Protein chains: 2
Amino acid sequence: MIDAPALRVIRAIDTEGSFTAAAASLGFTQPAISQMVRRLEQRLGTVIVERRGRTVHLTEAGQVLARHAATVLNALDSAEEEVAAIAGLRAGRVRLMAFPSASATLVPRALALVKARYPEVTISFTEAEPPESLTALRSGDCDLAVAFAYDGVDVGRGEEDLDGFVATVLLEDEVRLAVNRNHRLAQRESATLADLADDPWIAGCPRCRGHLVSLCTQAGFAPGVAYETEDYVAVLGLVAEGLGVALIPDLILRTVHHPEVVALPIRPGSRRSIIAVTTADLGRVPAVEATMLALEEAARVIPQTPTCAALSSR
Amino acid sequence: MIDAPALRVIRAIDTEGSFTAAAASLGFTQPAISQMVRRLEQRLGTVIVERRGRTVHLTEAGQVLARHAATVLNALDSAEEEVAAIAGLRAGRVRLMAFPSASATLVPRALALVKARYPEVTISFTEAEPPESLTALRSGDCDLAVAFAYDGVDVGRGEEDLDGFVATVLLEDEVRLAVNRNHRLAQRESATLADLADDPWIAGCPRCRGHLVSLCTQAGFAPGVAYETEDYVAVLGLVAEGLGVALIPDLILRTVHHPEVVALPIRPGSRRSIIAVTTADLGRVPAVEATMLALEEAARVIPQTPTCAALSSR
DNA sequence: TCGCCGCATAACCCCCAGTTATACAGTGTG
DNA sequence: CACACTGTATAACTGGGGGTTATGCGGCGA
């Protein structure tokens, strides 16, 4: 019935005082205005402008329209501006979730990068292990998740999508064996899991434990899990006390050092991929995209751990 | 860029939860919604809805649009409603101007009629003699004027328009001669102006005075104007005191009676037309039109004064 | 009285926004 | 595990709304 262009015309007529001037101010020709007014009048069933000789004036109905025109056009303008701000990274919000050990270096660095480039973009950050973060992503409570996948089993690898998600590999994280420095294997250059078939094991998060069991099974034994904790600092503490051995991603060992603990490469090598996950649509939201790029950039600064191949050729 | 239909669609998607449901609720087909969203997205340069499997959700930008959609659509709705109210005579304002003696019966009756039929229509009323009321009409300060025209000389007659105005004759008002009941002509059935060439005259408003002079000139003399007042009650008072004679419209004599005053028909008869004047555009404004009709109806209740022809045949 | 300025109208035309038809993807269920 | 159901995306087509140019007409000022 009434549309925005019509209101713009009404407003222009009101302020300019003539059809011709209104047309000029809107970039139209004069007949366009005449027709627009006529259409609107016969649609509304009442006169909205009073043609008095060479000048035109709004009738009461026209003034009603002009009054509401301000509201409507202002709202449209601010909507457009706000969306443009989001599109232009002058605004926007990203709900980021990452697993605890990514929170240590990768995420803070990426957050800093985004904040430096786009100060108006706000990123809310929640720690969560991959299963929860992916659930949150699925349910719409999260825009971008930093997760990890062990050796391509847990979730898809590379640029592939998992369950409709889009995942980008940020970096590869070599899994190492953590033993007490007095452990019988502490001086070795590397170890196989079979060497530790009888040691008590300390398991991390459920997925990590799953990975541990899987690797040990491949090595021909079932690990005796003596302790279980999601906190890697605690894991290191347990190892430091000589209470057991553990598999710990290299990324953790770079941030949490412990003098009593020695980290050995394992053979065959095992890695986890640290990935950024989002949906195809959210990946195209500017703020999310920018955060994604910042994560990739932050990951690039952290040197990749030597690959299994490079390790064995040493 | 952003238009009202698009906002309607966004809102529907938000509330309905799917394109199909939104389409159904708006009476569109599903592809229409798909295309609309796509268009909007590429126009705005950002993603608006996140397609997650079988369900869709608004992104941050989409939520911004949905939020403003409420403002815009509400404003449009209320604008439409207000205009419809004006068009349907459930609202509206008429600025009416009438000359003093019309205010006595004609206008009050018309106002009452309008108020009874359309209680929500408000009529503001200002007394003004024809020249001022027509000026106000021309300048936009008045929507409808009740004026008078002496014998088709002052302003156009009948349905003709004067200066782009539209005039409708409400009633014909016979001009009579008012004399003191002791006047030498008081017992006559009628009089000619020539009979009163030597009497002192009492003149009314400027236009009335003009008319008096014009009639007397036709009768071959120049009237001696002893008193001049715009107030017809005062005119009658002067006549009652025997201070002079006056020409007074019949309409006045019907409302203001004075025992000392006798009103005689004059020969040749002279009348003034009481007309309702507005512009072509304003005449199509429902409230103005309704008031105009009410004026005509009110005039019909007041019996026409006998015409000059009927009088002379008596 | 003439000329300029501004609105109205007619004829034309293009593009946008719908429609139908159909393919494709995700999600439960036998 | 496959199938059916439900929902979105895409393609091709079509109609009409809304703009343009050209022209007429009326009011206002010099």
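Chain letters run A, B, ... following the sequence lines, proteins first, then strands; residues in each count from 1. Small disclaimer: the values here were computed from a predicted structure and weren't measured.
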Exercise: identify the closest heavy-atom pair between A:A87 and B:L44
CB-O, 3.9 Å
Look at B:S34 and D:dA9 and indicate whether a side-chain polar atom (N or O) is within less than 4.0 Å of OP1 or OP2.
yes
Using a cut-off of less than 4.0 Å, is there contact between a side-chain N or O of A:R51 and OP1 or OP2 of C:dA8?
yes
Quick one: B:Q35 CD to C:dA21 C1', roughly how many Å, whole number?
13 Å
Give the nucleotide from the list D:dT10, C:dG6, C:dT9 with an atom nearest to the side chain of A:S18.
C:dG6
Just checking A:R43: base, sugar-phosphate only, or nothing, at a heavy-atom cut-off of under 4.0 Å?
sugar-phosphate
When every non-hydrogen atom of B:A167 is compared with those of B:I275, the smallest separation belongs to CB-CD1, 4.2 Å
What's the CD-P distance between B:Q42 and C:dC16, to the nearest Å?
11 Å
A:I13 CD1 to C:dC7 C1': how many Å, rounded?
11 Å
Distance check needed: C:dG26 C1' versus B:H57 NE2, whole Å only.
14 Å
Does B:P5 reach a base, just sugar-phosphate, or nothing at all? Heavy atoms under 4.0 Å.
nothing
Have a look at B:T29 and say if it touches a base, only the backbone sugar-phosphate, or nothing, with a 4.0 Å heavy-atom cut-off.
base
Check every strand shown and say whether A:T20 touches a base, only sugar-phosphate, or nothing at a heavy-atom separation below 4.0 Å.
sugar-phosphate
On DNA chain D, does the nearest nucleotide to A:P31 precede the nearest nucleotide to A:D3 from the 5' side, or the other way round? Give the residue.
A:D3
Just by modelled atom types, is the A:R271 backbone N or O under 3.5 Å from a matching donor or acceptor in the A:E172 side chain?
no
Here the distance between atom P of C:dG6 and atom CZ of A:F28, to the nearest Å, is 19 Å
Could you walk me through whether A:Q30 and A:S34 pass the side-chain hydrogen bond (donor to acceptor under 3.5 Å, both in side chains) test, one step at a time?
CA-CA 7 Å; A:Q30 170 267 316; A:S34 277; 3.0 Å; yes
Donor-acceptor pair, side chain of A:E80 and main chain of B:M1, under 3.5 angstrom
no
N/O donor-acceptor pair, side chain B:Q30 with base C:dT19, under 3.5 angstrom
no
Mind calculating the distance between CD1 (B:I33) and P (D:dT10) to the nearest angstrom?
16 Å
Establish, with yes or no, whether the OP1 or OP2 oxygen of D:dG17 is under 4.0 angstrom from a side-chain nitrogen or oxygen of A:R39.
no
Rounded to whole Å, the CZ-P distance (A:F19 to D:dG19) equals 14 Å
A:R38 atom CZ is separated from C:dC7 atom P, nearest whole Å, by 15 Å
